[in-house]
Every structure is written in structure tokens, then in C-alpha cells.
Amino acid sequence: MPDLPFDDEHAPLYSLGQVAEMLQVQHAFLRRLDQHDVIRPSRSSGGQRRYSRHDIVIVQHVTRMAEEGMTLIAIRRILELERELAELRRELKEAHARIRELREPR
DNA sequence: ATTCTCACA
DNA sequence: TGTGAGAA
């Protein structure tokens, strides 16, 4: 069976209206996230925003931070640092694996 | 019917 | 941040 876009979390499938509805946020809020480079959903041929499931999870995260009073500029920075942290953790994990390999040769 | 941009309070 | 007008 080929992978259907249905279960690809990066497939851009949802309109701004659908996302605003399921997350209970203002349309303008989602557009501002786009303006401030916090979340840039891809665009359909007609120029309309299309959010992936992955995008939606991040919007949820951002919404919580915004409710706590953080600026979109600050939130953008936090997402940037979180991506960096995830990358470092990935590298650390690989480093640990290599060290184990040196200590336990077969 | 929906979404887009932009301007305004 | 939210609303609303006017175009697409």
C-alpha cells in the first residue's frame, strides 16, 4: 500500500477556517502567526493557507504561550530554540550510541 | 460559501 | 487583538 497523504502529518490539508474552528482561535490570530514568521502554512494554488497536522500541533503550542502573555516575537524565538534543542538531543543520542559501541566491542 | 489583504479602533 | 470592508 502506498502512503496516502491521509496519514502524512506534513500533508497540507486543512483550511484556515477549519483550524480556527478546531482550535477555537480567531482567524486574524492565525494570519498574524503567518505575518510574524511563527507558523507559515503552505499555500494552495489559489493562494489559500493549507495547514498540516504538524502545523496544527504547533499552533496549539503557540496558542498556549500566547495565552500566557508571550509576544509573538518571543514565541518565534522559543520555537527556534526548541528546534535547536531537539537537534542537539538527537546528536547527543548518537554520540552516546557511539560511546557504547567503543566500550562494548563484541 | 470561504478566504485573502489591509486598515482601523 | 479583534472586526469589518471589499476583492478574489
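Convention: sequence-line order gives letters A, B, ...; per-chain numbering from 1. These numbers come from the heavy atoms of this one structure, side chains and all, not from hydrogens, waters or symmetry mates.
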Task: Rounded distance (nearest 0.5 Å) linking atom CD1 of A/Ile39 with atom CZ of A/Arg31 - done: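 So the gap between those two atoms works out to 15.0 Å.
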
- [ ] Extract, from 5' to 3' on DNA chain C, the first and final nucleotides lying under 4.0 angstrom from some heavy atom of chain A.
- [x]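 For DNA chain C, the relevant span reads C/dT1 to C/dT3.
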
How long is the line joining [atom1] of [X] and [atom2] of [N], in whole Å?
{"X": "A/Arg50", "N": "B/dT3", "atom1": "CZ", "atom2": "P", "answer": "8 Å"}
{"X": "A/Tyr14", "N": "B/dT3", "atom1": "OH", "atom2": "P", "answer": "15 Å"}
{"X": "A/Gln18", "N": "B/dC4", "atom1": "CD", "atom2": "P", "answer": "12 Å"}

- [ ] Keeping to residues at least two apart or across chains, list the ring-ring contact (aromatic ring centres under 6.0 Å, His included) pairs with something in residues 76-96 of chain A.
- [x]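 Listed once each, the pairs would be none.
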
Decide, yes or no, whether a salt bridge links [X] with [Y] under the criterion of side-chain N to carboxylate O below 4.0 Å.
{"X": "A/Arg90", "Y": "A/Glu87", "result": "yes"}
{"X": "A/Asp55", "Y": "A/Arg49", "result": "no"}
{"X": "A/Arg77", "Y": "A/Glu80", "result": "yes"}

Open item on the list: Please give me every residue in residues 21-33 of chain A whose heavy atoms get under 4.0 Å of an atom in DNA chain C, ordered by residue number.
Closed with: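 Heavy-atom cutoff 4.0 Å gives A/Gln26, A/Ala28, A/Arg32.
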
- [ ] With a 4.0 Å heavy-atom cut-off, tell me which residues in residues 57-74 of chain A come close to DNA chain C, sorted by residue number.
- [x]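 Heavy-atom cutoff 4.0 Å gives no residues at all.
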
- [ ] Name all residues meeting the side chain to side chain contact (heavy atoms under 4.5 Å, CB included) criterion together with A/Ile99; count only those two or more places apart in sequence or in a different chain, and write none if there are none.
- [x]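 Here the qualifying residues are A/Arg103.
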
Open item on the list: Under the rule for side chain to side chain contact (heavy atoms under 4.5 Å, CB included), what residues qualify as partners of A/Leu23, not counting sequence neighbours?
Closed with: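 Applying side chain to side chain contact (heavy atoms under 4.5 Å, CB included) to A/Leu23 gives A/Val19, A/Val25, A/Ile56, A/Val59, A/Gln60.
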
Open item on the list: Measuring to OP1 and OP2 of B/dT2, would you say a side-chain N or O of A/Ser15 lies under 4.0 angstrom away?
Closed with: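 Answer no for this pair, as no side-chain N or O of A/Ser15 is under 4.0 Å from OP1 or OP2.
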
TODO: Please name the pair of heavy atoms, one in A/Arg50 and one in A/Pro41, separated by the smallest distance, quoted to 0.1 Å.
DONE: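 Shortest heavy-atom contact: O-CB, 3.6 Å.
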
- [ ] Could you tell me which non-hydrogen atom of A/Arg40 sits nearest to which non-hydrogen atom of A/Asp34, and how far apart they are?
- [x]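 What the structure gives for the nearest pair is NH2-O, 2.7 Å.
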
Task: A/Gln35 vs A/Gln48, nearer the 5' end of DNA chain B by closest nucleotide - done: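 Checking each residue's closest nucleotide, the 5'-ward one belongs to A/Gln48.
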
Open item on the list: With side-chain contact (heavy atoms from CB on, under 4.5 Å) as the criterion, how do A/His54 and A/Ile58 come out once you've worked through the C-alpha distance, each side chain's angles and the decisive distance to 0.1 Å?
Closed with: CA-CA 7 Å; A/His54 179 249; A/Ile58 297 177; 3.5 Å; yes

TODO: Take A/Tyr51 and A/Gln18, measure what side-chain contact (heavy atoms from CB on, under 4.5 Å) needs, and give me the verdict at the end.
DONE: CA-CA 9 Å; A/Tyr51 296 82; A/Gln18 293 175 309; over 6 Å; no

